[in-house]
Peer 1: 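Provided herewith is a single structure, encoded as structure tokens, for subsequent inquiry.
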Amino acid sequence: MEKTVENLNKLYAETFENMDKMSKFLGRNCVDHALDFHYGHSIKINGKFTNELYPIPLVRFKLKEIKAESFFDVYTNKDYIGYFKLYPNKQEILSLNLKVFANFKHLIYGYNYQNELYNSEDVAQTKINIEKSKDTKFIIYMDIGNLEQIFSVVESFMTKPSQRFSTANYKCDCGHYITINTYNGACPICGKDSPFKRKFKIKCPICGTKCLKDQYGNGECENCGWKLGKLANKLKNRVIYPNPISLNKAKQLYSEGKPFETDLDDFVEALFCYSEMQFKYKGIYYSVELVGEDEYDIELCNSKTGETSIFKTEEDFKNNAKVEGKLLKNIWEETTERDWLQ
Ligand SMILES: [Zn+2]
Ligand SMILES: [Zn+2]
């Protein structure tokens with residue numbers, strides 16, 4: 001029995017890891033989602049369905065308000081780790097860019113007449129087939145070869161919300177384990193309001209616009225982009241999570257009509273607050289992290305080449321850090337996306 005459990009754990013370990021990575025990916029992109037199990041899955045071996053039914057984990061969410069599910073299979077091979085399903089109605093499927101699926105093994109079929117396939121080599125022809133069909137609901141099925149594939153498909157359909165809140169996890173009355181990041185705070189499965197609905201109103205400390213905050217006081221001003229945080233309100237001159245500049249500096253910049261620019265001093269101050277920062281220069285991301293036993297050393301790393309350099313002090317980093325042979329302090333104006341490590 002112990003051996004069986006051990007084997008089962010091994011079998012499911014990768015599957016759960018994939019599900020977890022999918023959940024984190026959706027979280028980073030503020031797509032509310034639920035973790036679930038699908039119990040009636042018959043395993044495909046050598047391209048044929050077997051009679052064995054296995055439970056497999058899945059992640060449920062919505063893309064453009066359309067129900068979406070990504071399943072992670074236990075029986076995998078180098079071209080298959082699971083499958084993805086999207087459930088659009090006729091109007092929705094006709095409005096979707098189906099080219100997104102063109103490079104993947106996929107099927108488009110009717111929900112009512114399940115045998116009816118609408119796939120064609122040519123996307124325009126597929127749309128004509130769908131238009132002419134008797135079906136009113138459809139399923140787009142796609143085999144997932146690796147996580148990058150499903151990430152790219154999801155990315156091309158998702159709409160990024162304008163506001164960020166802290167992640168909230170809870171069990172909905174419908175029985176699903178839900179992760180929400182967006183402001184509407186509704187269960188993506190049954191639609192019920194979550195106990196973490198972002199309903200608290202607050203005035204933005206920078207520009208005075210009314211905005212929503214979550215139960216932890218986090219949120220984002222839609223007008224000026226300031227990220228709300230309790231600590232920044234208390235320590236007004238310090239760079240405090242989740243903003244890369246201090247509250248007073250942001251106020252000053254806002255009153256001058258300038259964007260919230262992070263200078264090198266702010267960046268290093270933020271580094272000592274978050275431990276991990278990033279910036280982009282000429283299309284390449286650089287990470288800056290506190291490393292070493294006491295985390296006092298500063299490590300600069302080129303994400304493309306993996307090349308790293310270490311600086312012993314703050315001043316050492318500010319004065320001597322180089323990217324592409326140039327001193328960072330001299331090219332700082334040309335860097336973008338100065339932020340905590342994403
Ligand atoms: Zn629910
Ligand atoms: Zn504001």
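Since the structure is predicted, the reported quantities are computational estimates derived from the model, not experimental observations. Quick note: residue numbers are just sequence positions, from 1. All values below were derived from every heavy atom in this structure, side-chain atoms included, with hydrogens, water molecules and symmetry-related copies excluded. One-based numbering, in listed order, for ligands and for the atoms of each.
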Peer 1: Looking at residues at least two apart in the chain, or sitting in another chain, which of them share a ring-ring contact (aromatic ring centres under 6.0 Å, His included) with Tyr241?
Peer 2: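 ring-ring contact (aromatic ring centres under 6.0 Å, His included) check on Tyr241 returns Tyr274, Trp340.
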Peer 1: Once you measure the plane-to-plane angle for Phe267 and Phe317, does it fall in the parallel (<30°), tilted (30-60°) or perpendicular (>60°) bin?
Peer 2: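 Ring orientation of Phe267 relative to Phe317: parallel.
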Peer 1: Do Cys190 and His176 pass the side-chain contact (heavy atoms from CB on, under 4.5 Å) test, and can you show the C-alpha distance, the side-chain angles, and the key distance before you say yes or no?
Peer 2: CA-CA 9 Å; Cys190 72; His176 291 98; over 6 Å; no
Peer 1: Restricting to distances shorter than 2.8 Å, give the number of protein N, O or S atoms close to the Zn ion (ligand 1).
Peer 2: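 Number of qualifying protein atoms: 4.
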Peer 1: Using side-chain contact (heavy atoms from CB on, under 4.5 Å), reason through Val323 and Thr335 one step at a time and then give a plain yes or no.
Peer 2: CA-CA 11 Å; Val323 291; Thr335 64; 5.9 Å; no
Peer 1: In terms of ring plane angle, is the pair Phe25 and Phe151 parallel, tilted or perpendicular, where the classes change at 30° and 60°?
Peer 2: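 If you compare the ring of Phe25 with that of Phe151, the planes turn out parallel.
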Peer 1: Can you sort out the partners of Phe72 under ring-ring contact (aromatic ring centres under 6.0 Å, His included), two or more places apart, ordered by chain and number?
Peer 2: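 Not a single residue meets the ring-ring contact (aromatic ring centres under 6.0 Å, His included) criterion with Phe72.
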Peer 1: Think Lys67 forms a cation-pi with Tyr87, using NZ or CZ under 6.0 Å from the six-ring centre and within 45 degrees of its axis?
Peer 2: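 Satisfied, under 6.0 Å and within 45°.
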Peer 1: For the Zn ion (ligand 2), state how many protein N, O or S atoms fall inside a distance shorter than 2.8 Å.
Peer 2: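 That number is 4, waters not included.
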Peer 1: So, for Tyr118 and Phe101, is the gap between ring centers shorter than 6.0 Å?
Peer 2: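 Centroid distance Tyr118-Phe101: not below 6.0 Å, so no.
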Peer 1: Could you label the plane-to-plane angle of the Tyr141 and Tyr83 rings as parallel, tilted or perpendicular, counting under 30° as parallel and over 60° as perpendicular?
Peer 2: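 Judged by the thresholds at 30° and 60°, the geometry between Tyr141 and Tyr83 is parallel.
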